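Note that the structure is predicted; figures quoted are calculated from it, not measured.
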Amino acid sequence: PTGANSPFYNNSTRYGLKYAVAEQSECYGKDKIIYGVPLYAYEYTTNSNLPGASITSANQVLLKNVNPSAYGRQWDSDSNTPYYYYFADGVYHQVWYEDTESLALKYQYIKDQRIKGVGFWALGYEGNNSNIWNVFARQPDNQSSQLPIVNFSGSPTLGSVPLMVQFKDTSINVPTN
């Protein structure tokens with residue numbers, strides 16, 4: 001069914017951020033968990049404009065190509081995630097994505113839970129949307145709650161096995177250990 005690619009349900013019994021943090025904390029501890037923020041969306045073709053509709057096809061869409069203002073942003077209060085829909089070529093299209101409101105809810109939860117930090121997949125997918133970065137910006141009066149923001153790249157990304165990869169770490173607010 002259609003729905004959020006990174007849901008933030010209000011309880012921890014359905015698979016989403018709260019469930020994942022609770023489950024992974026039991027195995028690894030919160031100081032080892034990094035939340036992966038998807039800077040992409042999913043566009044589903046479906047038979048309805050309602051959340052949870054049957055999917056005919058699904059495609060990943062870069063966040064910079066998401067255009068809710070053209071169709072009207074909707075809010076799914078179940079997953080705390082925005083989406084929009086449109087009708088074209090005889091089928092409905094639903095696009096589920098992240099925005100500043102959904103990310104702020106998740107980031108506050110991450111800070112409250114004191115997990116290790118935040119990582120993004122993948123930098124550049126957001127385009128010129130600087131509002132997203134404002135959600136994670138340092139707040140001078142509350143520096144003690146600043147979590148690391150993980151950012152790394154690897155090269156090469158394709159090749160034969162075994163593949164030797166060189167990583168470049170440009171993370172910020174990184175702990176020294």
Side-chain angles (χ1 to χ4, degrees), residues 1-24 33-111 113 115 117-137 147 149-159 165 170:
T2 61
N5 56 330
S6 180
F8 184 55
Y9 298 117
N10 293 321
N11 64 57
S12 60
T13 60
R14 295 175 64 192
Y15 198 79
L17 176 59
K18 288 183 181 181
Y19 180 92
V21 168
E23 183 179 76
Q24 296 303 311
I33 299 172
I34 296 174
Y35 169 58
V37 177
L39 296 179
Y40 56 87
Y42 274 101
E43 179 173 358
Y44 302 105
T45 57
T46 181
N47 60 355
S48 168
N49 63 342
L50 299 175
S54 296
I55 297 170
T56 307
S57 67
N59 294 299
Q60 190 180 67
V61 179
L62 301 183
L63 202 54
K64 66 183 174 185
N65 296 328
V66 169
N67 190 8
S69 60
Y71 303 102
R73 176 188 182 267
Q74 306 293 312
W75 182 258
D76 179 48
S77 59
D78 187 37
S79 66
N80 291 299
T81 309
Y83 72 100
Y84 62 88
Y85 64 88
Y86 62 95
F87 192 78
D89 300 322
V91 296
Y92 283 99
H93 297 255
Q94 292 185 27
V95 179
W96 292 76
Y97 62 100
E98 297 290 349
D99 68 4
T100 56
E101 183 178 357
S102 64
L103 290 172
L105 289 169
K106 292 170 188 169
Y107 189 50
Q108 186 60 53
Y109 178 76
I110 289 163
K111 290 192 299 185
Q113 293 298 305
I115 70 170
V118 176
F120 301 92
W121 188 262
L123 294 177
Y125 284 10
E126 79 287 358
N128 293 325
N129 188 348
S130 62
N131 291 332
I132 286 175
W133 300 116
N134 294 336
V135 172
F136 302 97
L147 299 174
I149 297 178
V150 178
N151 179 22
F152 65 91
S153 59
S155 176
T157 57
L158 297 172
V165 178
T170 56

ring-ring contact (aromatic ring centres under 6.0 Å, His included) involving Tyr92 - partner list, sequence neighbours excluded: Phe87

statement: To the nearest 0.5 Å, atom CD of Gln108 lies from atom CD of Gln113 at 10.5 Å

task: Measure across Ala53 and Asn47 and return the closest heavy-atom pair with its distance rounded to 0.1 Å.
output: CB-OD1, 3.8 Å

Mutual orientation of the aromatic rings belonging to Phe120 and Trp133 [parallel < 30°, tilted 30-60°, perpendicular > 60°]: perpendicular

- prompt: Is the closest side-chain heavy-atom distance between Gln24 and Ile115 below 4.5 Å?
  reply: no

- prompt: For the side chain of Lys106 and the backbone of Tyr35, is there at least one donor-acceptor N/O pair under 3.5 Å apart?
  reply: no

query: Going by the side-chain hydrogen bond (donor to acceptor under 3.5 Å, both in side chains) test, which pairs reach into residues 55-66, not counting sequence neighbours?
result: Thr45-Ser57

field: Pair listing, ring pair (Phe, Tyr, Trp, His ring centres under 6.0 Å) test, anchored in residues 47-77, at least two apart
entry: Tyr71-Tyr84, Tyr71-Tyr86

- prompt: Quick one: do the Gln94 and Thr2 side chains pair a donor with an acceptor below 3.5 Å?
  reply: yes

- prompt: Is a side-chain N or O of Asp99 found less than 3.5 angstrom from the main chain of Ser102, in a donor-acceptor match?
  reply: yes

task: Could you tell me which non-hydrogen atom of Asn5 sits nearest to which non-hydrogen atom of Pro7, and how far apart they are?
output: C-CD, 3.7 Å

- request: For Trp96 and Ser79, work out which heavy atoms get closest and say how close.
  value: CZ3-OG, 4.0 Å

statement: Sorted by chain and residue number, the side-chain contact (heavy atoms from CB on, under 4.5 Å) partners of Leu103 (sequence neighbours excluded) come out as Val37, Glu98, Ile132, Val135, Phe136

field: Which atom of Ile110 lies closest to which atom of Gly117, heavy atoms considered
entry: CG2-O, 4.4 Å

message: I'd like to check Leu63 versus Tyr97 (side-chain heavy atoms, cut-off strictly below 4.5 Å). Are they in contact?
response: yes

- prompt: Glu23: what forms a side-chain hydrogen bond (donor to acceptor under 3.5 Å, both in side chains) with it, not counting sequence neighbours?
  reply: Tyr19

Verdict with supporting geometry, Arg14 and Asp78, side chain to side chain contact (heavy atoms under 4.5 Å, CB included): CA-CA 11 Å; Arg14 295 175 64 192; Asp78 187 37; 2.8 Å; yes

- prompt: Can you list the residues that meet the side-chain hydrogen bond (donor to acceptor under 3.5 Å, both in side chains) rule with Tyr125, with sequence neighbours excluded?
  reply: none

query: Considering residues at least two apart in sequence or located in another chain, which fulfil the salt bridge (Lys or Arg N to Asp or Glu O under 4.0 Å) criterion with Asp76?
result: none

message: Suppose we screen for ring-ring contact (aromatic ring centres under 6.0 Å, His included). Which residues come up paired with Tyr40, at least two apart in sequence or across chains?
response: Tyr42

statement: Scanning both residues in full, the closest heavy-atom pair of Asn10 with Lys18 reads O-NZ, 3.4 Å

field: By salt bridge (Lys or Arg N to Asp or Glu O under 4.0 Å) - contacts of Glu101 (at least two apart)
entry: Arg73

- request: List for me each residue that meets ring-ring contact (aromatic ring centres under 6.0 Å, His included) alongside Tyr9, sequence neighbours excluded, and say none if there are none.
  value: none

Under the side-chain hydrogen bond (donor to acceptor under 3.5 Å, both in side chains) test, residues paired with Tyr15 that sit two or more places apart: none

field: By side-chain hydrogen bond (donor to acceptor under 3.5 Å, both in side chains) - contacts of Asn67 (at least two apart)
entry: Ser69

message: Give me the atom names and distance for the closest heavy-atom approach of Ala58 to Tyr44.
response: CB-CD2, 3.6 Å

